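To start, the structure under review is shown below, and the notes come after it.
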Amino acid sequence: MNINIKTNLTGTDKHKCRSLAALALAGVLGSLGMANTAQAAPIYQTGFENPPFVANLTLPSQDGWVVGGTPEGLLSPTAAVISTNRPRQGQQSVLVSGANLIHQDFVNSVTGGYYDAIGSYRKTVDYDTRGTKTVRVSAHVRVDGRLTSGNNFFSASFGSRGADIASTNGGDTTGNGEITISSDGHVYGATGNDNVPVFLASKRIELGEWHNLAVETNFATRKMTFFVDDDCLGSFPFVSGFTGNFVRRGGMVVYAAPDTATLHKANYRARYDQYSIKTVTPEKCRVHR
């Protein structure tokens with residue numbers, strides 16, 4: 001989502017509302033292997049292990065991670081915790097409990113009731129691609145909770161935001177790809193630049209399992225490409241009008257719709273492990289239909 005306040009955000013179907021993406025992610029397929037990483041160069045990567053991450057403490061303030069915010073306040077600063085429970089590998093991962101996501105009237109209003117509570121966590125990297133590099137943001141992600149067929153009730157996403165200049169000089173950011181696991185049993189790809197997400201591609205997955213997700217942003221071709229478990233979901237153009245060459249930051253965002261009589265965000269959890277931002281040599285995306 002794109003809301004150019006203090007941060008950024010993402011959902012299902014084709015809804016149209018622009019501007020909260022900067023809120024949450026400000027700080028968001030066919031057969032083919034992930035991009036060739038033989039020539040990958042790390043920009044930032046972590047398994048959330050100790051050191052430097054301390055178990056049972058919140059993610060924000062550790063290793064440069066911060067929480068996003070809106071005019072109403074911070075977006076669930078205590079919901080993301082370094083946990084030793086069920087890591088993908090190693091001893092620790094990030095756990096975001098739906099029970100600790102904080103309702104905001106602002107979020108509900110800007111998204112027309114699509115979202116009600118958000119947890120937004122970001123890591124600034126200020127990487128200058130010079131218009132030639134491809135940057136891949138990847139992570140292992142897991143959503144636990146009951147399947148909500150046809151209802152994007154709870155979701156866990158990550159992605160990157162681009163900029164014209166480094167953060168030290170200010171300036172706005174633009175979503176350069178956000179990939180999401182939804183409680184409706186799909187992985188979705190979107191720009192990450194809309195208050196209510198417009199999903200560009202999708203693939204069915206199983207909840208309660210770890211999935212390897214990635215978004216590649218190719219600044220030479222000006223396209224973003226989505227991957228899930230070694231399958232390519234497709235490639236799509238950058239947001240119209242974005243001409244910048246900086247990767248300002250990566251982020252992780254968890255979204256929840258308003259609770260209903262039968263669905264409660266407290267019954268859902270999102271987990272992240274092996275988070276990475278690096279340059280790669282891209283391969284052609286061949287989508288399997």
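Note that the structure is predicted; figures quoted are calculated from it, not measured.
Checked by atom type and distance alone, the side chain of Asp184 pairs as donor or acceptor with a backbone atom of His186 at under 3.5 Å. Between the side chain of Glu216 and the main chain of Val135, no donor-acceptor pair closer than 3.5 Å is present. Between the side chain of Thr46 and the backbone N or O of Tyr275, no donor-acceptor pair lies under 3.5 Å. Gln104 places a side-chain N or O within 3.5 Å of a backbone atom of Leu74 that can act as its donor or acceptor partner. Here the side chain of Asp259 pairs a donor or acceptor atom with the backbone of Lys265 at under 3.5 angstrom.
Within a 6.0 Å sphere centred on NZ of Lys223, other residues, nucleotides and ligands contribute 12 heavy atoms or fewer. Heavy-atom contacts from other residues, nucleotides or ligands closer than 6.0 Å to CD of Glu72 number more than 12.
Annotation: side chain of Val215 is not in contact with side chain of Phe227 (no heavy-atom distance under 4.5 Å). For the pair Phe53/Val94, no side-chain contact is recorded, criterion being any heavy-atom separation below 4.5 Å from C-beta on. Phe153 has its side chain within reach of Tyr268: a pair of non-hydrogen atoms, C-beta onward, lies under 4.5 Å apart. In this structure the side chain of Ile205 reaches within 4.5 angstrom of the side chain of Ile181, judged on heavy atoms.
Minimum interatomic distance between Gly47 and Asp273 (heavy atoms only, all atoms of both residues): O-OD1, 3.2 Å. Between Glu178 and Tyr255, the closest heavy-atom pair is OE2-OH, 2.8 Å. Heavy-atom minimum distance, Asp172 versus Ala163: O-CB, 3.7 Å. Nearest heavy atom pair, residue Thr173 against residue Arg248, reads CG2-NH1, 3.5 Å. Closest heavy-atom contact between Ala156 and Val141: CB-CG1, 4.0 Å. Taking every heavy atom of both residues into account, Ser167 and Asp126 meet most closely at OG-OD2, 2.5 Å.
Residues Val81 and Met252 fall into different hydrophobic clusters, defined by Ile, Leu, Val, Met, Phe, Trp and Tyr side chains chained together at heavy-atom separations under 4.5 Å. Both Val228 and Phe154 belong to a common hydrophobic cluster when Ile, Leu, Val, Met, Phe, Trp and Tyr are linked at side-chain heavy-atom distances under 4.5 angstrom.
For Tyr44 and Asp63, the side-chain atoms include at least one donor-acceptor pair closer than 3.5 Å. Between the side chains of Ser235 and Thr225, at least one donor-acceptor pair of N or O atoms lies under 3.5 Å.
Tyr272 has its ring centre no less than 6.0 Å from the ring centre of Tyr121.
A salt bridge links Arg142 with Asp144: at least one charged nitrogen is closer than 4.0 Å to a carboxylate oxygen.
For the side chain to side chain donor-acceptor pair (under 3.5 Å) with Ser182, the qualifying choice from Asn151, Thr148, Asn152 is Asn152, the only one to do so.
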